[in-house]
Amino acid sequence: MTPSGITRRTALATTALLLGGAAQAQVEDRTIRIGTTVPADHPISLGAKKFTEIVAAKSAGKLKVKDYPALALGPELQQQSALIGGVQEMFVPSSATLAGIVREFTLLDLPYLIRNPAQADALMDGPFGQALLAKLPEKGLVGLAMWENGLRHITNSRHPIQKLEDVQGLKIRVQQNPIFIDMFKALKANPVPMSFGEVYGALESKALDAQENPLLVARSAKLYEVQKYASLTGHAYGVIIVLVSKKLWDRLSADERKLLQASALEARDYQRQVSREQARKAMEELKAAGMVINEVAPAELDRMRQAVQPVADRALQTFDPALVRLLRSELERVSHIG
Ligand code: EAX
């Protein structure tokens, strides 16, 4: 025990943090579990792994973040409830599964909202993205950053989707989210909301014909083993939210909060970069794995866009007009990007 009563390890960490230029940073020994929904090799889980490393470095090893990929800590809704209840520390889900907690996040799922990742970054990192994150604390969650899942496409085991009518009648898994259910009903498909953890089994048993996700999710979850066709519909852009339990957040010191916030943003830049690098290779990897991938003709994409537009129009009428105005002005601002 040193003369001033500080334990040797805290002295060490304080020294390290001092070296890092932080004034007397208050960081305690803590273990933090972070869950993801996809396998370890997917950029979302690689982002979570990077986050564990950045936090360890910034906290001189005091904040020990352990990552649990592929829904190892339970289905999406269960993990979200665990954060709200304070029995789990962090989770990195698709924004779509927040629909039942903060309905405004479903605005991110509106069909054909975003054309490319650069637009997505500008929208998520801008005032609209911040307005959504600001709605989480009153529900027991804290949002640190928005990471990338990517443009979503339809895969299925029946036939290539080359025209609007090819979607009709498909039994398709969708995220547990009213916009996705309404979107695929509008396309005359048969949407089945389900946890991502059940998708492979449902496709393998032919209980379902189809699912929709970015190609990287199809690659990482080996959906090419149970899906023959992938059609580049680009019908929605997938956003990932880095969540912390508010019960934990309220116990953290200001330094610990700053450290986790900075780490989530640093890991965000890494995660988006890896996601785009891997996305460039995903199509060839899936073709090599035996999938038949087709572009959908612009005229048919237009027909799909028109078929789902009423879903967006109806949904927009149910939200705070000020938030919808912000979304519209931000979409106008980012529409010139990329
Ligand atoms: O978060 O559930 C989904 O389809 C999500 O895109 C996936 O879990 C990644």
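Just so it is clear, the values below take in all heavy atoms, side chains as well, and ignore hydrogens, waters and symmetry mates.
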List for me each residue that meets ring pair (Phe, Tyr, Trp, His ring centres under 6.0 Å) alongside His235, sequence neighbours excluded, and say none if there are none.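 Only Phe184 meet the ring pair (Phe, Tyr, Trp, His ring centres under 6.0 Å) criterion with His235.
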Can you list every pair that meets salt bridge (charged side-chain N to carboxylate O under 4.0 Å, His left out) and has a residue in [range], with sequence neighbours left out?
range            : result
residues 125-135 : Asp125-Arg268, Asp125-Arg272
residues 291-309 : Glu165-Arg303, Glu300-Arg303, Asp302-Arg305
residues 35-48   : Asp41-Arg219
residues 73-91   : Arg33-Glu89

Of Gln79, Gln80, Gln78, which is the lone residue that meets side-chain hydrogen bond (donor to acceptor under 3.5 Å, both in side chains) with Gln88?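 The single option meeting the side-chain hydrogen bond (donor to acceptor under 3.5 Å, both in side chains) with Gln88 is Gln79.
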One pair to check against side chain to side chain contact (heavy atoms under 4.5 Å, CB included): Val239 and Asn149. What are the steps and the verdict? CA-CA 5 Å; Val239 178; Asn149 195 357; over 6 Å; no
My understanding is that only residues two or more places apart in sequence, or in another chain, count here; which of them pass side-chain hydrogen bond (donor to acceptor under 3.5 Å, both in side chains) with [X]?
X      : value
Gln273 : Glu277
Lys258 : none
Arg152 : Glu212, Asn213
Gln261 : none

Can you tell me how far CG of Leu260 sits from CG of Asp255, rounded to the nearest 0.5 angstrom?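 Rounded to the nearest 0.5 Å, the CG-CG separation comes out at 11.0 Å.
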Which ring pair (Phe, Tyr, Trp, His ring centres under 6.0 Å) pairs, counting each pair once, include a residue from residues 78-132, with sequence neighbours left out?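 Every pair satisfying ring pair (Phe, Tyr, Trp, His ring centres under 6.0 Å) with a residue in residues 78-132: there are none.
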Under the side-chain hydrogen bond (donor to acceptor under 3.5 Å, both in side chains) rule, what pairs show up with a residue in residues 317-329, not counting sequence neighbours?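 Listed once each, the pairs are Arg103-Thr318.
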With sequence neighbours left out, which residue pairs that include part of residues 236-247 fulfil the side-chain hydrogen bond (donor to acceptor under 3.5 Å, both in side chains) condition?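 Residue pairs with at least one partner in residues 236-247: Glu148-Tyr237, Lys246-Asp250.
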